[in-house]
Amino acid sequence: MDLVLNVADQYFFTPYVYPASWPEDEALRQILGLLVVTNIGAAVLYLGLGCLSYYFIFDHNLMKHPQFLPNQVRREIKYAMSSLPCISIPTVALFFAEVRGYSKLYDRVDDFALGWPGLILSMVSFLFFTDMCIYWIHRFLHHRLIYKYFHKPHHVWKIPTPFASHAFHPVDGFLQGLPYHVYPFLFPLHKVLYLGLYVFVNIWTVSIHDGDYRVPSQLVEVINGSAHHTDHHLFFDYNYGQYFTLWDRIGGSYRYPSALQGKGPHDCIRKLLAQGKLSNGTNGHMDNSDKAQKHE
């Protein structure tokens with residue numbers, strides 16, 4: 001994160017915000033700078049990726065589903081934008097530790113003994129490490145003693161849109177993002193690759209909420225895509241994984257996507273339309289949002 005902070009200092013903070021007498025490497029200045037950069041970056045990634053996915057990928061027919069809530073998109077955005085600043089506070093603490101040199105992030109490929117093969121290995125290990133950690137954190141958040149306090153707000157969205165991707169309770173959002181920030185304190189990772197993976201993580205998080213079920217058929221049993229995660233929102237106790245189905249299989253929580261069996265949200269909408277229970281021009285909101293949470 002020091003790469004981003006250095007750019008922000010060079011082109012914004014130093015010439016326009018802070019007095020010249022305040023050193024760029026002073027701790028308080030770095031914390032304030034990281035708070036600004038993190039909050040702006042998170043909002044830009046969330047709203048930018050969310051809008052792109054919502055307008056160009058998300059199938060708006062899903063908004064006709066009976067469990068799609070009134071004003072849901074606006075509610076998702078409002079909840080996410082109110083949570084992100086809270087999530088940023090502990091996240092900035094970890095970024096600050098990185099900037100102060102306590103992590104194993106490195107600047108040049110030559111700085112790592114394994115060179116380019118090590119760079120590729122670290123990318124693969126990052127994905128498998130974070131997938132494993134998120135699986136168990138996510139499953140822990142579903143424990144009956146924890147769920148209603150932190151994770152339940154995210155499950156209000158039974159038929160999620162891309163904007164539901166970051167609509168978490170702050171504690172939930174931070175815990176599920178924690179493995180990404182812990183990794184570079186445990187394992188060597190190139191700084192540019194770390195930033196690239198951070199963007200990728202946000203893209204993936206949006207993608208599994210976009211209602212687009214186009215994971216290649218050969219990879220459906222391996223990749224945890226939108227179809228898998230839609231079933232997680234609908235059926236609650238399945239498909240906790242982030243990228244892969246590995247830990248769901250190990251943990252006995254894997255469910256083959258209902259959408260790929262002709263029993264998904266689109267199939268429900270087609271059936272209701274055929275029965276004349278939905279209008280082609282409007283969505284099928286339930287009047288009582290409790291119906292959308294009946295199994296919780």
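Just so we're clear, the structure is a prediction, and the values are computed from it rather than from any experiment.
Within the 4.5 Å cutoff, no side-chain heavy atoms of Cys133 are placed close to those of Tyr183. The shortest distance between side-chain heavy atoms of Tyr79 and Pro153 falls below 4.5 Å. Looking at heavy atoms from C-beta onward, Gln242 lies in side-chain contact with Ile208 at the 4.5 angstrom threshold. Between Thr230 and Asn239, every side-chain heavy-atom pair lies at or beyond the 4.5 Å cut-off. Between Met1 and Val92, the closest side-chain pair of non-hydrogen atoms is not below 4.5 Å. Using a 4.5 Å heavy-atom cutoff, the side chains of Leu32 and Phe13 are not in contact. At a threshold of 4.5 Å between non-hydrogen side-chain atoms, the residues Phe244 and Asp131 count as touching. The side-chain heavy atoms of Tyr106 and Pro188, taken from C-beta on, include a pair separated by under 4.5 Å.
Residues Tyr54 and Phe163 bring their aromatic ring centres within 6.0 Å. The six-membered or imidazole ring of His232 lies away from that of His154, with a centre-to-centre distance of 6.0 Å or more. Here the two rings, on Phe129 and Phe187, have centers that are under 6.0 Å apart. Taking the six-membered ring for Trp and the full ring otherwise, His181 and Phe95 have centroids separated by under 6.0 Å. Ring pair Phe12/Tyr18: centre-to-centre distance not below 6.0 Å. Under the 6.0 Å cut-off for aromatic ring centres, Tyr213 and His266 qualify, their centroids lying closer than that. Residues Trp247 and Tyr240 place their aromatic rings such that the two centres sit no closer than 6.0 Å.
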Do Asp2 and Arg100 pass the salt bridge (charged side-chain N to carboxylate O under 4.0 Å, His left out) test, and can you show the C-alpha distance, the side-chain angles, and the key distance before you say yes or no?
CA-CA 9 Å; Asp2 61 332; Arg100 302 299 280 190; over 6 Å; no

Quick one: do Phe168 and His166 satisfy ring pair (Phe, Tyr, Trp, His ring centres under 6.0 Å)? Show the steps, please.
CA-CA 6 Å; Phe168 289 97; His166 293 61; 7.5 Å; no

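Between the side chain of Lys148 and the backbone N or O of Leu145, no donor-acceptor pair lies under 3.5 Å. Between the side chain of Thr130 and the backbone N or O of Pro179 there is no donor-acceptor pair closer than 3.5 Å. The closest donor-acceptor contact from the side chain of Asp231 to the backbone of His228 lies at 3.5 Å or more, if one exists at all. Distance alone, capped at 3.5 Å, is enough to place a donor-acceptor pair between the Thr245 side chain and the Glu221 backbone. Put simply, the side chain of His190 never gets that close to the backbone of Leu105: no donor and acceptor are under 3.5 Å apart. For Thr14 (side chain) and Asp9 (main-chain N/O), a donor-acceptor pair under 3.5 Å exists by modelled atom type.
Of the N and O atoms on the side chains of Gln176 and Asp172, at least one donor lies less than 3.5 Å from an acceptor on the other residue. Side-chain atoms of Thr161 and Glu76 include a donor-acceptor pair closer than 3.5 Å.
Connection of Val37 to Phe174 is established within a shared hydrophobic cluster, with ILVMFWY side chains joined at heavy-atom distances below 4.5 Å, either directly or through further cluster members.
Residue Pro170 forms a side-chain contact (heavy atoms from CB on, under 4.5 Å) with just one option from Pro85, Ser83, Ser82, and that option is Ser83. With His151 as reference, His138 is the one residue of His233, His138, His143 to meet the ring-ring contact (aromatic ring centres under 6.0 Å, His included) rule.
A salt bridge between Arg214 and Asp212 is present, with a side-chain N of the basic residue lying under 4.0 Å from a carboxylate O of the acidic one. A salt bridge does not link Arg255 with Asp248: none of the charged nitrogens is closer than 4.0 Å to a carboxylate oxygen. A salt bridge does not link Lys191 to Glu98: none of the charged side-chain nitrogens sits closer than 4.0 Å to a carboxylate oxygen.
Atom CZ of Phe126 is surrounded by more than 12 heavy atoms from other residues, nucleotides or ligands within 6.0 Å. Within a 6.0 Å sphere centred on OH of Tyr102, other residues, nucleotides and ligands contribute 12 heavy atoms or fewer.
Using cut-offs of 30° and 60° for the angle between ring planes, the Phe236 and Tyr147 rings count as perpendicular.
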